[in-house]
2 protein chains.
Amino acid sequence: MSHNDQRKPRPRPTISDVARLAGVSISTVSRVLNDTAPVSSEVEHRVRQAIEMLNYTPHLAARNLAVRKTETIGLLLPEVGNNFFAPLLRGVENAIRPTEYQLLVHASLRVPDPAPWRHSPIGEHNADGMLVFVNSMDQAELLRNYERGFPMVLLFFTPPSNARIPYVGFDNTTGLCQVVEHLVQVHGRRRIVYLRGPVGNFDSEEREAAFRQTMERLGVPVYPELVARGHYSSIGAEQAIQELLDRGIDFDAVFAGDDDAATGVLAALRRNGRSVPEEVAVVGFDDIPFSAHLNPPLTTVHAPVEQAGYVAASKLLSLLAGEMPELATRLPVELVIRQSCGCDRTFL
Amino acid sequence: MSHNDQRKPRPRPTISDVARLAGVSISTVSRVLNDTAPVSSEVEHRVRQAIEMLNYTPHLAARNLAVRKTETIGLLLPEVGNNFFAPLLRGVENAIRPTEYQLLVHASLRVPDPAPWRHSPIGEHNADGMLVFVNSMDQAELLRNYERGFPMVLLFFTPPSNARIPYVGFDNTTGLCQVVEHLVQVHGRRRIVYLRGPVGNFDSEEREAAFRQTMERLGVPVYPELVARGHYSSIGAEQAIQELLDRGIDFDAVFAGDDDAATGVLAALRRNGRSVPEEVAVVGFDDIPFSAHLNPPLTTVHAPVEQAGYVAASKLLSLLAGEMPELATRLPVELVIRQSCGCDRTFL
DNA sequence: GCGTTTTCTGAAAGCGCTTTCAAAATAGCA
DNA sequence: TGCTATTTTGAAAGCGCTTTCAGAAAACGC
């Protein structure tokens, strides 16, 4: 109803205003702004003074248009509920900070686009390159961007085989191998439930393959009734476990998929009076900060999320610099043993 | 070293390319793109076809320049380590999604700026308005933007008294009052340690004031040796508690500042063999998802972070629409009682 | 001092789009 | 059919900046 009554909405000064006030041409102002050509110190001083007085800030859109670069890199995420966006972002930020680039973040909810000609909300038109999180962009668009030569790097999934797009992910295979070996070799568990992530999730599928392979190698069967979907979420996992329990299915360990899911597993088990780790051991994946504080402290595999963000952004930066970074990076993960597996490490 | 060998880096098509291919003028193309004026259906069809063929996407910087709007709103954050970044972003995204706006996120590390004329990395020049998180922008710049009439809304802090900038925060006072009352009235605690947040943090100061006030009202003293700084972080709080313990200071409860800090408190206490809640009760603030899974489940006050993001973004949107939203919003918080205070709620 | 470099500066074009403004095409009506 | 009212279209200016190009000024050499 009422008007926005912020005061003095005088129009923002432009480069011409500065030029006029300093008594020079706009070219000169531009030169002192960007230091692209020598300017006599007397003139430079006048210009700086004018800038100061007017409180002038160059208009980025105009600049971008003129130089045909946006100086921003995009980060495309799927639904933002995920607990590891914070560290991921931190990594990206750290890589980007020393540069001129800005970060444009977009969380796509994957709604079908109303305007068919308007492609992704972030792309060639508003970014010089982008970081694509798994499940945030469909394959067709990914390919289209690739064909156009638009710089991208993929986070936590690999590109279609014919596209040479750099990506970074975790060494899921080794991680799973280690945690499973630990469960069966040191704790003698055999009926291990495996909680998958969301359907179509790359990491999830890779982990499952590694799981089956390791189990086979160790000679312990993967019981079909013990693999369920935990959706990498606390409540999803809780329900999955509850259902197994309700169906009277017996198990002595669970790989939760990730740590979020592990908290759900812990909750379900506790509510049903199953002791962890005595009756059932539980392990996660990711090692989010809270894992150490769960009850019992969670044995999990540490995934360097922040580093992933950093590495991905660095790759993109080098792509933008015209270089071709290493295509694939698998960040090493590390088994961190606490107590939920049955080990007796003292806390912290 | 090697070149970026993505193929076919043919230049992106412009509106002129589309016009030429469709055999019309660029004005016409613009019109079908934006539906700003009637276009005969035959022509419209040709244009759409051309757009399709060329896989054309309008260049946003150019468009922004022409219309003098950026269609993006900025979100300025301090260091992104914060655990409630994810829900906050989710709220903001939800509010923004139905609109045309994009979200530009910038985490400022508060480094002194090298180029003095280049103000905030996000501001008038690249956004139509912005959401300013506490501690992410200095007062001078805040005021400067305000004077210019640049739309902003503040998150978790109030503006200088002479600036009518909308803000949203939590009802810290009520929250603190409730949790403190609970501690002293139902659990009879009297020697309560109070862990402050980071220096200069608005919420922290507000909470401390409320704490002192409530204590006074209840007639229980605030012992100076019991107030320390927990920095709203797990390890900060852990150290603070450890130090109190080392100094042999006695206490029977601790208000941790926030839930992150509470996990640190719990860890320190456990490591030193103090039982929670029997010997010392601990409570937090925020109610992050993990709080329910801590050992023991944390009694805390629930702060609707996602809602805060949503409300803040909505306010900004209405500011952008030329309206003046309600200036101050204090989101209600709610005491959630679990077990770390000494209550015996069954889990979940 | 005078021609020649070298340094500094301004005019003007152009980045890709929107948006007047007026002309061209079409429709409406007598 | 002729003339006006209406719809559809294109030319051109302009958004705020960078950058080429060439001219002006200053510095240099002899």
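Chain A is the first sequence line, chain B the second, and so forth, proteins listed ahead of strands; every chain is numbered from 1. Quick caveat: nothing in here was measured; it's all calculated off a predicted structure.
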### Rounded distance (Å) that lies between atom C1' of D:dG14 and atom NE2 of A:His59
14 Å
### Query
So, is B:Asn34 close to the C:dT18 phosphate, meaning a side-chain N or O under 4.0 Å from OP1 or OP2?
yes
## Note on the structure
Assert: residue with more 5' nearest nucleotide on DNA chain C, out of B:Ser30 and A:Ala62, is A:Ala62
#### Entry: Euclidean distance, atom OH of residue A:Tyr56 to atom C1' of D:dG16 [Å, nearest integer]
7 Å
### Donor-acceptor contact below 3.5 Å, side chain B:Ser30 vs main chain B:Ile26
no
### Task
Round to a whole Å and report the spacing from CD1 of B:Ile26 to P of D:dA11.
9 Å
### Message
Please report the distance, rounded to the nearest Å, between CZ in A:Arg20 and P in C:dG10.
### Response
14 Å
### Message
I need the single residue from A:Val132, A:Asn135, A:Asp203 that forms a side-chain contact (heavy atoms from CB on, under 4.5 Å) with A:Phe157. Which is it?
### Response
A:Val132
### Task
Ignoring backbone atoms, test whether A:Arg63 places a side-chain nitrogen or oxygen under 4.0 Å from the OP1 or OP2 oxygen of D:dT18.
yes
### Query
Taking the nucleotide of DNA chain C with the closest heavy atom to each, which residue, B:Arg31 or B:Leu65, is nearer the 5' end?
B:Leu65
### Query
Rounded to whole angstrom units, what separation is found between the CG atom of A:Leu60 and the C1' atom of D:dT18?
13 Å
## Note on the structure
Ranking D:dT18, D:dC15, C:dC17 by distance to the side chain of A:Ile15, first place goes to D:dT18
### Query
Checking all strands, does A:Ser27 fall into the base, sugar-phosphate, or nothing category for heavy-atom contacts under 4.0 angstrom?
base
### Message
Between A:Asp128 and A:Thr70, is there a side-chain donor-acceptor contact under 3.5 Å, judged purely by atom types and distance?
### Response
yes
### Task
Indicate whether OP1 or OP2 belonging to D:dT9 is found under 4.0 Å from a side-chain N or O atom of B:Thr28.
no
### Query
Quick one: on DNA chain D, does B:Gly23 or B:Ala66 contact a more 5' nucleotide (nearest heavy atom)?
B:Gly23
### Message
Between A:Pro13 and B:Val24, which residue's closest nucleotide on DNA chain D lies nearer the 5′ terminus?
### Response
B:Val24
### Summary
Tested for ring-ring contact (aromatic ring centres under 6.0 Å, His included) against B:Phe156, the lone hit among B:Tyr167, B:Phe202, B:Phe133 is B:Phe133
### Query
To the nearest angstrom, how far is A:Arg68 atom CZ from C:dG14 atom C1'?
8 Å
### Query
Whole Å only: how far is the CG atom of A:Asp17 from the C1' atom of D:dC15?
13 Å
### B:Asn55 and B:Arg12: side chain donor to acceptor below 3.5 Å
no
### Task
For the side chain of B:Val39, starting at C-beta, report the closest nucleotide among D:dT8, C:dC17, D:dT9.
D:dT9
### Query
Within this structure, what is the CG-to-P distance between A:Leu33 and D:dG16, rounded to whole angstrom?
15 Å
### Task
Check whether any side-chain N or O of A:Thr14 sits under 4.0 Å from OP1 or OP2 of D:dG16, and answer yes or no.
no
